[in-house]
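Written out below as structure tokens is the structure these notes cover.
Residue numbers start from 1 in every chain, and the chains themselves are labelled A, B, ... in the order their sequence lines are given, proteins ahead of strands.
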Protein chains: 2
Amino acid sequence: MKVMIIGGVAGGASCAARLRRLDETAEILLVERGPFVSFANCGLPYHTSGIIAREQDLLVANEAYFKANLNIDARTRCEAIAIDRKAKTVDLRHLETGEVTTESYDKLVLSPGAPSVAPPIPGIDLPGIFQMRTVPDARAVREWIEKGSLFLTGMSKYSGFQTARPKTRAVVVGGGFIGLEMAENLVHRGFDVTVIELRDQVLAPMDREMAEIVERHLNHHGVSVVLGDAVTAFTPREDGAIEVATRSGTEFPADIVILALGVRPDTALARSAGLEIGKLGGIRVNDHMQTSDPEIFAVGDAIEVRDTVTGAWSLVALAGPANRQGRIAADVIAGRDSRYRGTQGTSIIGLFDGAAAWTGASEKALQNAGRQDYEKVYLYPNSNAGYYPGAKPIAMKVLFSRTDGRLLGAQAVGMKGVDKRISTLAMAIQMGATVYDLEEAELCYAPQFGSAKDAVNFAGMVAADVLRGDMPISHWGDPSEAILLDVREPAELRVESVAGAVNIPLRQLRERITELPRDRDIHVICRSGQRAYYATRILLQNGYRAHTMSGGMLARYHRGVLDS
Amino acid sequence: MKVMIIGGVAGGASCAARLRRLDETAEILLVERGPFVSFANCGLPYHTSGIIAREQDLLVANEAYFKANLNIDARTRCEAIAIDRKAKTVDLRHLETGEVTTESYDKLVLSPGAPSVAPPIPGIDLPGIFQMRTVPDARAVREWIEKGSLFLTGMSKYSGFQTARPKTRAVVVGGGFIGLEMAENLVHRGFDVTVIELRDQVLAPMDREMAEIVERHLNHHGVSVVLGDAVTAFTPREDGAIEVATRSGTEFPADIVILALGVRPDTALARSAGLEIGKLGGIRVNDHMQTSDPEIFAVGDAIEVRDTVTGAWSLVALAGPANRQGRIAADVIAGRDSRYRGTQGTSIIGLFDGAAAWTGASEKALQNAGRQDYEKVYLYPNSNAGYYPGAKPIAMKVLFSRTDGRLLGAQAVGMKGVDKRISTLAMAIQMGATVYDLEEAELCYAPQFGSAKDAVNFAGMVAADVLRGDMPISHWGDPSEAILLDVREPAELRVESVAGAVNIPLRQLRERITELPRDRDIHVICRSGQRAYYATRILLQNGYRAHTMSGGMLARYHRGVLDS
Ligand SMILES: Cc1cc2nc3c(=O)[nH]c(=O)nc-3n(C[C@H](O)[C@H](O)[C@H](O)COP(=O)(O)OP(=O)(O)OC[C@H]3O[C@@H](n4cnc5c(N)ncnc54)[C@H](O)[C@@H]3O)c2cc1C
Ligand SMILES: Cc1cc2nc3c(=O)[nH]c(=O)nc-3n(C[C@H](O)[C@H](O)[C@H](O)COP(=O)(O)OP(=O)(O)OC[C@H]3O[C@@H](n4cnc5c(N)ncnc54)[C@H](O)[C@@H]3O)c2cc1C
Ligand SMILES: CC(C)(COP(=O)(O)OP(=O)(O)OC[C@H]1O[C@@H](n2cnc3c(N)ncnc32)[C@H](O)[C@@H]1OP(=O)(O)O)[C@@H](O)C(=O)NCCC(=O)NCCS
Ligand SMILES: CC(C)(COP(=O)(O)OP(=O)(O)OC[C@H]1O[C@@H](n2cnc3c(N)ncnc32)[C@H](O)[C@@H]1OP(=O)(O)O)[C@@H](O)C(=O)NCCC(=O)NCCS
């Protein structure tokens with residue numbers, strides 16, 4: 001059996017390696033257009049700042065490794081240019097020589113990935129404008145930065161460094177995770193960074209109010225975030241910098257520009273071979289990773305996947321799924337019945353020692369899927385025991401089904417413990433857990449690591465209280481005629497209060513309860529929602545129509561969580 | 001309804017608070033023998049070293065809080081001394097005054113905890129010998145340490161500090177988690193610490209070979225660990241120190257001794273009231289937390305719980321379960337049908353910036369439960385992407401059912417990411433996940449936080465490979481006539497090799513395969529098991545009888561993982 005794999009990085013290389021383990025006799029040919037197979041795409045941004053010091057560190061495996069250990073013929077600088085499905089051949093162009101050869105296959109695997117979107121903006125090819133997808137991209141950015149700061153050599157030895165240093169300015173176009181990672185790394189290199197994003201939020205897969213926490217965190221670290229604006233032109237300036245003009249009429253001078261406008265499935269080969277393409281523009285595959293031609297498989301960023309929560313097709317460019325899909329394609333080629341279960345979209349981005357992460361469906365994804373049976377809660381539990389130094393709040397939004405309590409999605413932002421909670425919740429979603437299961441979860445607890453009631457337990461408890469009717473909730477911004485009752489202490493209200501809200505501190509509520517009307521809805525506010533819930537319990541049992549304002553003041557403007 | 005709760009900390013206080021939320025009208029009386037309700041037991045060791053600076057920080061809630069916010073009558077220094085089940089009354093001794101009063105109840109909740117074991121060793125009451133259960137215990141240790149180092153005042157100002165400082169020696173009796181936490185905190189206070197443990201390992205719930213990694217880590221940080229020895233006497237020395245004599249005839253001088261011999265359910269009240277006690281010595285309850293008297297509930301360290309994996313009764317002293325059980329008892333008292341699902345035993349201990357954690361059943365627990373259908377794998381995945389600076393290996397042992405692949409237990413030790421993996425695996429066990437589910441898990445990945453194939457995925461992949469027959473495995477120490485084949489590079493063998501093993505590096509295996517016999521079992525070794533698996537695949541497909549030595553050289557002596 002001769003298997004050809006097009007694309008030699010996450011999906012393709014994983015497929016090749018797994019296939020060899022399952023089948024010693026298969027002839028495996030791995031072709032890669034770029035100069036490297038098996039490189040760490042996800043490390044590229046960190047190499048531009050030097051956090052990952054050597055380019056070498058990004059190269060996980062090379063052609064020699066594939067040959068010696070896996071008996072795989074891996075060829076770089078080798079581009080697949082056409083597929084002949086009838087003849088079962090692929091034309092390959094050897095980029096060093098320009099020579100074109102034809103190779104046959106019994107099974108073909110496509111893992112061409114998803115290149116960065118580069119719209120035809122005037123000036124987009126100016127020197128100093130980069131995208132970030134390959135090792136050469138990262139090298140080019142490093143070299144540009146180093147060239148630009150050559151005159152600084154030795155200056156850090158003088159104490160006048162800070163003031164003498166000329167300002168260097170970067171513009172990152174696009175507020176997705178690659179854009180934000182680049183923004184951070186450019187800050188580490190001393191740039192003043194502006195992120196320009198067309199949408200009204202960064203990190204599109206998150207819900208907007210959660211993304212706002214990220215935006216504030218970026219601001220806190222000196223990154224300007226411009227939302228709802230689009231770049232219209234790049235023009236060279238006299239001083240060698242680039243003028244970045246936007247639709248709103250603003251101009252941003254930049255010594256470097258990073259384009260991170262998102263990625264789009266590479267379907268050129270698949271289309272010209274007549275393979276089915278999905279509505280979202282990705283290659284359509286079944287759960288065996290087979291395209292509409294069962295001898296041709298496709299994996300990774302180039303395909304459409306089923307969202308495990310909504311069931312909708314979606315485009316998800318993530319390394320974990322790409323690796324797993326590659327492994328499954330290899331299984332199927334080797335005659336096994338492996339199936340891909342779909343993608344949950346679990347993601348994380350580290351940002352200035354904090355992190356934002358999510359798994360499952362966002363609220364907008366549920367809305368797009370037409371689901372109306374969901375509910376959401378906001379909470380701000382500690383990363384670990386509050387009495388242990390260094391505990392930090394985690395802002396969480398948890399979505400679940402009102403019908404059966406099933407967990408649908410979760411988003412979290414915080415300085416500590418975010419990855420753990422979202423990974424744990426990802427496992428919960430995968431296994432079909434309900435919020436009642438989260439209540440009962442038995443997670444690691446010692447004071448450095450968690451709490452006797454972990455953040456995940458709290459998520460479950462709060463959601464279950466809502467479903468059991470113990471905590472009717474309301475949300476900021478929902479239309480309402482309700483009275484607002486603030487149960488915080490007067491000292492807290494002096495910092496921030498809500499116009500028109502009645503203040504009865506929780507500890508006085510039982511004695512002052514008659515000050516409130518029984519015939520109106522009462523929305524109860526505190527800082528995080530916890531005391532409001534306690535008050536709600538008191539009110540409900542006394543015949544009042546109470547609702548807890550989910551997430552309290554912290555959920556009102558989504559601030560004060562990370563950087564307070 | 002009048003509800004009395006005996007024991008005012010984890011289980012008791014949680015029960016009281018929850019009950020008030022569910023029932024505004026219940027009369028709730030919470031009695032606590034000690035001077036504080038609602039304190040953070042788990043923080044006590046960290047207060048002795050000053051990591052948790054103020055005693056105040058350990059006090060999560062007090063009587064005034066219970067009154068003002070929860071309308072609960074919480075009484076400290078108030079001991080329940082007898083229960084009259086017929087009359088439904090409890091005699092209370094007010095420890096300040098000695099006065100005894102009688103209070104009636106409709107429902108009674110016992111959460112008396114589990115005091116430290118203190119066997120009748122001669123000299124056990126000498127000054128300088130402490131246990132660690134209460135805030136006064138922690139205070140006493142702090143005061144003792146501070147008194148003992150008074151003469152040091154100001155000395156740290158001189159550069160001769162290190163050599164001039166007299167040696168201070170601590171002996172910790174017992175290598176459970178409280179003992180080891182105390183050992184660490186005493187090291188932080190400058191003590192030379194010796195831990196003496198009767199068993200042949202520390203951290204009894206772990207399997208021995210995993211505990212060995214912890215022991216080496218302790219050694220690495222200057223803690224001596226003496227195993228298989230028991231203290232026989234404490235005697236005062238002339239110089240004011242204590243001589244700790246052991247069964248083996250060794251003597252250890254100590255300026256302070258911590259007794260951490262484990263805990264035993266406090267069943268005095270329950271026994272004298274004639275409530276059913278289980279075989280292990282804990283109060284017997286049903287899944288509603290009811291004792292043999294349905295009007296009396298018991299929760300926390302004092303009860304026996306069902307192990308969710310083995311189904312066996314067990315004693316588990318952990319704060320999370322105590323809190324949840326208290327909450328469930330409150331639910332049931334308030335007329336709800338909540339049930340406790342049993343205890344998984346998920347635990348973690350932080351140790352010198354590392355951690356050891358486990359969830360579900362250990363191998364010995366499975367053996368004790370008579371289960372023979374389990375298999376185990378060892379692996380050493382990175383905490384996060386190896387190409388990102390600061391990645392650390394995690395030593396993992398994963399137990400699963402050979403019959404259906406169900407995950408049974410997991411143990412992990414490492415410097416980073418241990419809590420995340422065990423919490424994620426705890427969720428997996430709770431939900432009945434198989435190792436095939438772990439293969440497919442979609443967890444957070446960015447290079448700071450994980451890998452495209454997370455440690456949890458690797459655990460699933462390796463275990464699933466075993467179950468599918470792709471990776472027959474063997475374990476060090478299993479009786480065997482097999483040939484040993486080491487597929488590491490010659491340079492690695494120079495550091496450590498296995499006597500009698502044949503060496504064929506993986507990359508030469510295909511060409512040199514005929515050097516090996518087809519008619520004998522071959523156990524393949526490498527550093528971690530991964531290359532051995534690759535070699536196993538090559539051998540099996542060529543008709544050889546190959547097995548992968550699970551965990552490779554790293555699993556041979558369980559060293560070199562944490563502190564290399
Ligand atoms: C800067 C950056 C940071 C990222 N960070 C993360 C992260 O933190 N977490 C995460 O989960 N994911 C991250 N990703 C996404 C992740 O890298 C991708 O999801 C994953 O690499 C997709 O795998 P793939 O095999 O589909 O495509 P790729 O890994 O992109 O590989 C496709 C390869 O195919 C080659 N190719 C395409 N067409 C042809 C052809 N015709 N002939 C020959 N070769 C061809 C391309 O040159 C390319 O090298 C990041 C990506 C980038 C670019
Ligand atoms: C030093 C230390 C560190 C720990 N670290 C951890 C950790 O990191 N993680 C973890 O999960 N668990 C940890 N634990 C265990 C955890 O604290 C217990 O599992 C939990 O507190 C048990 O709750 P409980 O309500 O059963 O008992 P406790 O919290 O011990 O409360 C019982 C209370 O009942 C009182 N009492 C007993 N009898 C009477 C009576 N007759 N009348 C009145 N009052 C009475 C006692 O004075 C006591 O205060 C630690 C425990 C200790 C001591
Ligand atoms: C380098 C590369 C080719 C390796 O692919 P791979 O061999 O499938 O993956 P790994 O090296 O992680 O090895 C996994 C295999 O080792 C096995 N393994 C891991 N640890 C083991 C252990 N301790 N004992 C036995 N087997 C082990 C796994 O089970 C798996 O084998 P299987 O798939 O047959 O079950 C591929 O991962 C790659 O190209 N990576 C870089 C590109 C990339 O992923 N980019 C995106 C992220 S930055
Ligand atoms: C202090 C103590 C009495 C508090 O008990 P508690 O009120 O049950 O617990 P918490 O303070 O964690 O509050 C939990 C409640 O607030 C709710 N809550 C938490 N965050 C919320 C939010 N953002 N919005 C609404 N409700 C919220 C929870 O759902 C839960 O209510 P429920 O049980 O009715 O569902 C008890 O935890 C205690 O004594 N702790 C110290 C002793 C101890 O545990 N020691 C061992 C560990 S060191």
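- Using a 4.5 Å cut-off between heavy atoms, A:Asp470 touches chain B through its side chain atoms alone.
- Listed by chain and residue number, A:Glu442, A:Cys444, B:Gln344, B:Thr359, B:Ile422, B:Ala426 satisfy the side chain to side chain contact (heavy atoms under 4.5 Å, CB included) test with B:Thr346 (two or more places apart in sequence, or in another chain).
- Only the side chain of A:Tyr533 comes within less than 4.5 Å of a heavy atom of chain B; its backbone N, CA, C and O stay farther away.
- Of the atoms belonging to A:Thr343, heavy atoms from both backbone and side chain fall under 4.5 Å from chain B.
- Side-chain contact annotation: A:Asp437 with A:Thr434, donor-acceptor N/O pair under 3.5 Å present.
- Looking at B:Glu24, both its backbone and its side chain come within 4.5 Å of chain A, counting heavy atoms on both sides.
- Of the listed residues (B:Gln56, B:His47, B:Met461), the one with the most heavy-atom contacts under 4.5 Å to chain A is B:Met461.
- With a 4.5 angstrom heavy-atom cutoff, B:Arg21 touches chain A via backbone and side-chain atoms both.
- Ranked by heavy-atom pairs shorter than 4.5 Å toward chain A, the options B:Gly320, B:Ala446, B:Ser423 are led by B:Ser423.
- Proximity to chain B involves both the backbone and the side chain of A:Ala441, based on heavy atoms less than 4.5 angstrom apart.
- Considering only heavy-atom pairs separated by less than 4.5 Å from chain B, the leading option among A:Leu509, A:Asn457, A:Leu22 is A:Leu22.
- In terms of non-hydrogen atom pairs under 4.5 Å with chain B, the most contact-rich of A:Leu443, A:Asp23, A:Asn323, A:Val456 is A:Leu443.
- Annotation: side chain of B:Val135 is not in contact with side chain of B:Asn41 (no heavy-atom distance under 4.5 Å).
- When each of B:Lys67, B:Met427, B:Gln541 is scored by its heavy-atom pairs under 4.5 Å with chain A, the top score falls to B:Gln541.
- At a 4.5 Å heavy-atom cutoff, the contact between A:Glu439 and chain B is made by backbone and side-chain atoms alike.
- In this structure, chain B has a heavy atom under 4.5 Å from the side chain of A:Tyr534, while its backbone stays farther away.
- Of the listed residues (A:Leu540, A:Thr536, A:Asp465, A:Asn542), the one with the most heavy-atom contacts under 4.5 Å to chain B is A:Asp465.
- Neither the backbone nor the side chain of A:Pro505 comes within contact range of chain B, judged by heavy atoms closer than 4.5 Å.
- Within the 4.5 angstrom heavy-atom criterion, no atom of A:Asp454 approaches chain B.
- For chain B, the nearby part of A:Arg324 is the side chain; its heavy atoms alone come within less than 4.5 Å.
- Under a 4.0 Å N-O distance rule, the pair B:Asp337/A:Arg468 does not qualify as a salt bridge.
- Partners of B:Arg20 according to the salt bridge (charged side-chain N to carboxylate O under 4.0 Å, His left out) rule, which considers only residues two or more places apart in sequence or in another chain, do not exist here.
- Most heavy-atom pairs under 4.5 Å with chain B: of the set A:Gly345, A:Gly386, A:Ala385, this distinction falls to A:Gly345.
- If you tally non-hydrogen atom pairs under 4.5 Å between each of B:Glu440, B:Arg537, B:Arg341 and chain A, the highest count goes to B:Glu440.
- Contact check on B:Arg336 versus B:Asp331 returns no salt bridge, with no Lys/Arg side-chain nitrogen under 4.0 Å from an Asp/Glu carboxylate oxygen.
- For chain B, the option among A:Arg531, A:Arg54, A:Gln508, A:Arg507 with the highest count of heavy-atom pairs below 4.5 Å is A:Arg507.
- Contact tally against chain A (heavy-atom pairs below 4.5 Å) for B:Ile328, B:Asp57, B:Ile538: the top residue is B:Ile538.
- Top candidate by heavy-atom pairs under 4.5 Å with chain A, chosen from B:Tyr340, B:Trp358, B:Tyr46, is B:Tyr46.
- Among A:Ile52, A:Thr308, A:Thr25, A:Leu318, the residue with the largest count of heavy-atom pairs under 4.5 Å with chain B is A:Ile52.
- Heavy-atom distances place the backbone of A:Ile349, and not its side chain, under 4.5 Å from chain B.
- Only the side chain of A:Tyr65 comes within less than 4.5 Å of a heavy atom of chain B; its backbone N, CA, C and O stay farther away.
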